[in-house]
Amino acid sequence: MTDSSLPPLDLSPEFVEAARTSKAWPFEEARKLVKRVEKRDPSQPVLFETGYGPSGLPHIGTFGEVARTTMVRTAFRLLTEDKIPTRLLCFSDDMDGMRKIPENVPDRAALEPYLQMPLTVVPNPFGGEHKSFGDHNNAMLRRFLDTFGFDYEFASATEYYKSGKFDEILLTAVAKYKELMAVMLPTLGEERQATYSPFLPISPISGRVLYVPMKDVNGKDGTITFEDEDGSDVTLPVTGGNVKLQWKPDFGARWAALDVDFEMFGKDHGPNMPLYDKISKVLGAKPPEHFVYELFLADDGSKISKSKGNGLSIDEWLTYAPTESLALYMFQKPKTAKKLYFEVIPKAVDEYFTFAQKYADMPVEQKLQNPAWHIHSGAVPAIDMPVPFAMLLNLVSASNAENKDVLWAFITRYAPGVTADTHPHLDALVGYAIRYFDDFVKPNKSFKTPDEVELDALKTLDVSLAALPADADGAVIQDAVLDVARQIERYQDPKKKSPDGGPGVSVAWFSALYQLLLGQEKGPRFGSFVALYGIAETRALIAKALAGAHTA
RNA sequence: GAGCCGAUAGCUCAGCUGGUAGAGCAACUGACUUUUAAUCAGUAGGUCCAGGGUUCGAACCCCUGUCGGCUCACCA
């Protein structure tokens with residue numbers, strides 16, 4: 001991944017000008033960055049970082065963090081007319097010890113001997129090409145990010161530690177051990193204070209990451225001395241991957257070592273921010289600009305927890321809606337706790353397409369406020385979306401559309417000239433709508449078991465449909481359906497009149513059809529439904545109802 | 001206990017730099033349908049949490065309070 005894969009940005013003067021005062025939050029953040037680097041050598045890249053704890057799978061928060069960071073990055077590029085290079089580093093803490101065995105791995109017992117060892121030492125429980133569990137998770141992360149086309153560079157903590165990229169900062173940390181401790185100790189409880197160490201040696205004996213007190217810290221030699229697992233004192237150089245830093249110092253040290261300019265994180269890190277900053281300063285760096293975003297809540301306002309299974313996973317979202325809709329959700333109000341549950345999806349989808357459609361006609365100031373600009377890193381595609389997603393979801397259940405063709409038939413009727421070929425984005429939404437139908441509408445269908453009268457009625461209807469030409473239109477079919485009901489007392493309605501003056505047909509007839517054939521209380525206009533759905537297919541529904549197959 | 005966020009129509013939320021309150025859904029009415037879905041047109045609905053301040057003017061800015069939520073206090 002290089003800069004060249006970033007989309008080109010419209011850098012015309014009115015855009016740059018508008019960016020300077022734009023209220024959109026990515027610009028607010030980016031302006032802080034501009035100030036930060038204005039006196040700096042402009043050839044030095046501005047580094048954006050996101051962190052990743054590799055003990056779990058990438059999730060919706062991972063997406064949000066990278067997407068939002070990219071939005072700030074794009075805003076920064078526009079503000080600086082793309083004259084200052086930018087990088088986005090996704091840093092994986094894969095040298096952390098495996099503190100517990102994840103739930104979602106095969107043969108958990110096999111991992112037991114590797115507890116507390118760096119994740120890049122733990123064998124990969126999934127087997128396959130990746131050497132370690134850490135490598136596997138890293139690969140998952142990269143595949144995940146690549147799916148969305150993010151521009152980023154991947155970094156592995158293990159690689160950075162072992163290759164010596166952190167040696168200099170580690171030596172500084174040893175030299176400033178006392179200052180580091182002075183920062184850390186007041187934040188800890190008494191018990192923890194007694195054993196705390198910013199350095200976590202990797203035991204040469206067991207290979208585990210040790211949380212042990214330091215017996216000696218030698219700034220001159222760059223070594224630490226501690227009691228290893230067999231009780232003997234061991235002295236190790238802090239460099240070369242022998243020792244890693246404990247979480248909080250690790251954060252600050254990484255910032256200092258890499259000259260990170262910007263990093264955002266969730267509210268759970270918020271209170272630690274000043275601490276990270278202090279560490280970073282002790283180690284001689286200017287801490288990056290940061291941005292604290294809110295966490296998501298489940299629909300009842302409780303926090304999302306994977307074990308509870310509340311809330312919504314990224315897979316669930318992307319099963320029913322395009323990525324852009326999720327990106328929109330991430331763009332909107334990053335600082336307020338938003339509820340994340342299924343019902344927000346259709347709204348996000350429709351809003352996204354509305355924003356994307358309006359984009360071209362907006363004045364520049366509004367373009368930069370338009371979420372679509374941020375979602376697409378400035379390159380907003382031209383989109384025509386004649387049918388809202390919310391309508392598709394209604395339509396899909398109203399029309400019993402089990403496949404795209406049926407749904408498309410209804411759509412083309414509603415919006416003549418609109419087809420899958422002319423509107424590929426809509427076609428994608430149609431696909432999502434069908435999944436929604438399969439997963440939410442279908443399972444909730446409840447078919448009525450036909451009684452005597454209904455059995456007879458269905459048989460008659462079947463015969464009558466069979467007599468129609470295959471290409472009969474909706475009106476003809478509707479008449480045939482009504483004719484069937486006219487002969488049945490239950491479905492006669494004296495208040496209405498048939499064309500020949502006899503009693504009309506009651507709505508009960510159609511309700512019965514929906515309940516018997518579609519498993520729904522309500523349904524489409526029956527004649528036009530059959531025309532679109534197919535006479536043969538409708539007769540198949542009837543056959544099923546007659547056989548009692550629906551209720552089984 | 002500390003920090004952050006929120007409180008606007010029945011529900012979910014918009015309200016950008018202060019200028020007579022908006023949308024979607026729900027409700028109701030009607031149109032199209034010889035009857036049913038979608039659709040379309042329309043109607044109704046709000047002391048903008050409370051109190052004070054700044055202002056010609058506050059949902060918006062400042063202060064105080066009330067209520068709700070989340071995060072952190074061990075670990076990443």
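Each chain gets a letter, A, B and so on, in the order its sequence line appears, and its residues count up from 1. This is a predicted model, so every value here is computed, not measured.
- With rounding to whole Å, A:Lys358 atom NZ is found 13 Å from B:rA23 atom P.
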Walk me through it: do A:Glu65 and A:Arg68 pass the test side chain to side chain contact (heavy atoms under 4.5 Å, CB included)? CA-CA 5 Å; A:Glu65 198 164 290; A:Arg68 285 167 169 166; over 6 Å; no

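- In this entry B:rG51 has B:rC63 as its Watson-Crick or G-U wobble partner, both defining distances falling under 3.5 Å.
- The side chain of A:Lys23 approaches B:rC16 more closely than any other nucleotide in the set B:rC16, B:rC72, B:rG69.
- Using a 4.5 Å cut-off on side-chain heavy atoms (C-beta onward), A:Glu351 and A:Leu328 make contact.
- Residues A:His423 and A:Ile411 fail the side-chain proximity criterion, which asks for heavy atoms closer than 4.5 Å.
- A donor atom on one side chain and an acceptor atom on the other are found under 3.5 Å apart for A:Tyr161 and A:Asp250.
- The OH atom of A:Tyr293 sits 18 Å away from the P atom of B:rC4 (whole-angstrom rounding).
- Counting non-hydrogen atoms under 4.0 angstrom, A:Leu297 reaches the backbone sugars and phosphates but no base.
- For A:Lys267 against B:rC70, a side-chain-to-base donor-acceptor contact under 3.5 Å is present.
- A heavy atom closer than 4.0 Å to some atom of RNA chain B occurs in A:Gly189, A:Arg192, these being the qualifying members of residues 189-200 of chain A.
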Produce the list of close N/O pairs, under 3.5 Å, pairing protein atoms with atoms of nucleotides 12-15 of chain B; give distances to one decimal.
{"residue": "B:rC13", "atom": "O2'", "partner": "A:Lys347", "partner atom": "NZ", "Å": "3.4"}
{"residue": "B:rA14", "atom": "OP1", "partner": "A:Lys333", "partner atom": "NZ", "Å": "2.7"}
{"residue": "B:rA14", "atom": "OP2", "partner": "A:Lys333", "partner atom": "NZ", "Å": "3.4"}

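- Remark: aromatic rings of A:Phe296 and A:Tyr329 are close, center separation under 6.0 Å.
- Where A:Asp479 and A:Ala337 meet RNA chain B, the nucleotide closest to each residue was compared, and A:Ala337 sits on the side nearer the 5' end.
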Please tabulate, one pair per line, all N/O donor-acceptor pairs under 3.5 Å involving side-chain atoms of residues 353-362 of chain A, not counting sequence neighbours.
{"residue": "A:Thr354", "atom": "OG1", "partner": "A:Asp350", "partner atom": "O", "Å": "2.7"}
{"residue": "A:Gln357", "atom": "OE1", "partner": "A:Met385", "partner atom": "N", "Å": "2.7"}

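- Look at CD on A:Glu294: it is 12 Å from P on B:rC4, rounded to the nearest Å.
- Separating the OH atom of A:Tyr211 from the C1' atom of B:rC74 is a distance of 12 Å, rounded to the nearest angstrom.
- Rounded to a whole Å, the CG atom of A:Leu185 is 16 Å from the C1' atom of B:rC74.
- A cation-pi arrangement is absent between A:Lys244 and A:Phe199, since the terminal nitrogen or guanidinium carbon is not both under 6.0 Å from the aromatic centre and inside a 45° cone about the axis.
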